[in-house]
Amino acid sequence: MMDFLAAAIRIATPLLLAALGGILSERAGVFAVGLEGMMLAGAFAAAVTAWAADNFAAGILASIAGGALVGVMVAIVTVRMRADNMVTGLAVNILVAGLTSFLARSAGQGGRPASIHLTPLAAWPIPGLSDLPILGPLLFDHPPLTYLAIVACVLMTLFLGRTQIGLTLRATGENPEAVFASGGNPKLVRMLAVIACGGIAGLGGAVLTLQQVGTFTDNMTGGRGYLALASLIVGRWTPVGAAAACLVFGAADAFGLRMQTFGLPASSYVLQMAPYLIALLVLASLGRATRLPASIGRPLD
Amino acid sequence: MVPLLEMRGIVRTFGAVRANDGIDLDVAAGRIVGLLGENGSGKSTLMKLLFGMLPPDSGTIIFKGRELSGHRPAEAMLAGLAMIHQHFMLIEAMSVVDNVMLGWPAAGKLLRRAAVANQIRGASARFGLDLDPDAKVANLPLGRRQRVEILKAILRGADLLILDEPTSNLAPAEVAGLLTILRRLREEGRGIVFITHKLPEVLDVCDEVVVLRAGRVAGRAPVAGVSRAALAEMMVGRDTTHAHSPDPRPPGAVRLAVRGLRGPGLAGVEFDLHAGEILGVAGVDGNGQIELADTLAGLRRGEGSIVLNGQEIARASVAARMQAGLAYLPADRAQTSLVRAMTIAENFGLRDHAGFLLHPAARTAHAKELMTAYDVRAPGPQTVAARLSGGNAQKIVVGRELDRAPSVVIAHQAAWGLDPGATRFVLDRVVDLRNRGAAVLYISSELEEVLAIGDRVAVLSGGRFAGILSRDKIDLGQIGLWMAGQA
């Protein structure tokens, strides 16, 4: 049981990071449809850099930069050019999918993707704490990026609720004119929020390549960006709420994996659908009960 | 007296329009200056220039002895200016304390929520604002929201407050509360610029008044010793106060007979409306005005009987009622009566259901005629309605509805928020129609307007008519009691 929950937490890690990024973007008033592309860019940058430099830290930094670069693109097109958030996000996702596949082949030979083999980041048990009963294996025996995601979730809660910048960011998603009238610059807030979203979602992508799989494959995010988007909506745009939603989806995924190992006579593809099916059911049951930031998707003059 | 603010020779043009054409404005500490003017007279532009939301073409602004130029709102606020916009700049989903902390350096980079909440309680007690720091803005009535804006200005130590049409969205009791707060601010030595086009408020609370017309100062005077008529004349260049009292004439046949009208918000409205008569309906907002107007127009269903020109229409569709000669000027212009995204010509054509195909050329020509007849000031019939001022937008509605020569008109807040020139124009059209034999139900929360225009005056209270008085038997005391709900 503990194993299962710990696995759910590890699977939820990339989702949570992407959802945290998405919260920044959406609370500032820009739909985070581009999470998928940001994650994928981060995953690619992390794998290639860590492999070429033979250094995981460099890979992690590169994933932030790669995601942020996609964020810059989205920020310019949606905030400065005032383009539709949804269409921009979708376009970026498709663009990044193509671009990373292309670049992976350019780095390889004979039209085949570069063969990247990394040893996935191992668990770093925290001395003392990891020996605690129940809590030890659950919370203190994880690979580094999982700790980072948990810390990021706490920091994000404090940032949004307790800092002037966080307040300004939330106000920008609700009523940007009020931010302007109080001396702020809502356009700048949105641009920076989207770029930061890209960086954090990119880090989520690094979890896939550096911590879970150890290589980059085409389109390896496989919809996790969209699942992260669903998580932040289900979690009502709060970091803790999103974390809870990510855990539910992570548990569904872990459950599917477990069923496979028990030799359940069901296609693995059907089992992989589980988290998405649950996401749909939860979203449908919430219906209109969720309240979007009031000015989300509305371009600024 | 050393002025707090001196603006000298302010000029600002938009294309060929000189919105501000050499305006001087002084405000001293501890004084309330009324800035009066019709829509488009340059009041808002002047204040935007002062607050740094627009740069002036020329002129100087000296505030507290220091010249302000090329400043942005953030710098204006730091210097001690505060602007309270007509549309409040608040985050409805957030609490009062969050709204106060937003963009306020003294709240700290790491927010000191508890300390700020205490400051709010202190200022709220001192100025009688009655605000709970933890209340969510979305749950506050408009008058309270405005106090949040005033609170923000007070806490930021603003020496000069600019209030842009602060009473336009308030109920009468809230207006009285606002004026009390402004007097208290004046006692503390703060300066206030009070932008409005409501003369009674100027006379009530201001120390002096500056009247703008077409981008220039048309007059300035201390309020003591200036008459309402003189102010109105300065504002529009003509006397408007006695404009629209219709001549008495005997009423004609019954056009609209309403019996036992009930429904949500309505508790048994009964009246007869005669040809050639305006029945003014006064009353405090929220006593069934919207429900009565919408039910008569067919936008909502009620129980009871509505007989229009001898024909029962209580169950009839909106279209059938229009066909039978009913016209409706709804209060909610932005939502109900205009399609803001469409052009003037299209909006004029919304009622023309004859034929399947549209005839754009004919429609444009017709729209041109109506624009002239109803004084809609816009570049042309293809201008999008959303770009028009409130007065011009309402003139489109008035033109579209009244040009069909309806026999019964339901008008709700027809002149709400319009400047005196546009108000007079709308009221004149209504009176014209009545003189040509139409019956008009004129519902308004502006008692004065109702008294001026009504042949008879009814008071709507608690969803029914508390009483009806004819023009020659008007008893303000009685009307006041009815409005207060004491029948």
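Chain naming here is simple, since letters A, B, ... match the order of the sequence lines and numbering starts at 1 in each.
- To the nearest 0.5 Å, atom CE of residue B:M101 and atom OG of residue A:S182 are 12.5 Å apart.
- With chain A as partner, the option from B:R72, B:M94, B:K152 having the largest number of non-hydrogen pairs under 4.5 angstrom is B:M94.
- Contacts of A:A171 with chain B are made by both backbone and side-chain atoms, with heavy-atom separations under 4.5 Å.
- The distance from the CZ atom of A:F180 to the CE atom of B:M53 is 6.0 Å, given to the nearest 0.5 Å.
- Other residues, nucleotides and ligands contribute more than 12 heavy atoms inside 6.0 Å of the CZ atom of B:R145.
- Per-residue heavy-atom pair counts under 4.5 Å with chain B were compared for A:E174, A:Q164, A:E177, A:R170, and the maximum is reached by A:Q164.
- Residue B:K48 qualifies as open at atom NZ: its count of foreign heavy atoms under 6.0 Å is 12 or below.
- Proximity to chain A is absent for every atom of B:H87, based on heavy atoms less than 4.5 angstrom apart.
- Residue B:A93 comes nearest to A:R291 through the heavy atom pair CB-NH2, 3.3 Å, listed as atom of the first residue, atom of the second, then distance.
- Looking at heavy atoms from C-beta onward, B:D98 lies in side-chain contact with A:L167 at the 4.5 angstrom threshold.
- Between A:I165 and B:K109, every side-chain heavy-atom pair lies at or beyond the 4.5 Å cut-off.
- Contact count against chain B (heavy-atom pairs under 4.5 Å) is highest for A:A181 among A:G166, A:A181, A:G184, A:S295.
- Within a 6.0 Å radius of CZ in B:R387, other residues, nucleotides and ligands contribute 12 heavy atoms or fewer.
- Taking CG from B:L111 and CG from A:L158, the interatomic distance works out to 11.5 Å, rounded to the nearest 0.5 Å.
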Open item on the list: Between A:N175 and B:L90, is the side chain to side chain contact (heavy atoms under 4.5 Å, CB included) condition met? List the steps.
Closed with: CA-CA 7 Å; A:N175 184 352; B:L90 296 174; 5.6 Å; no

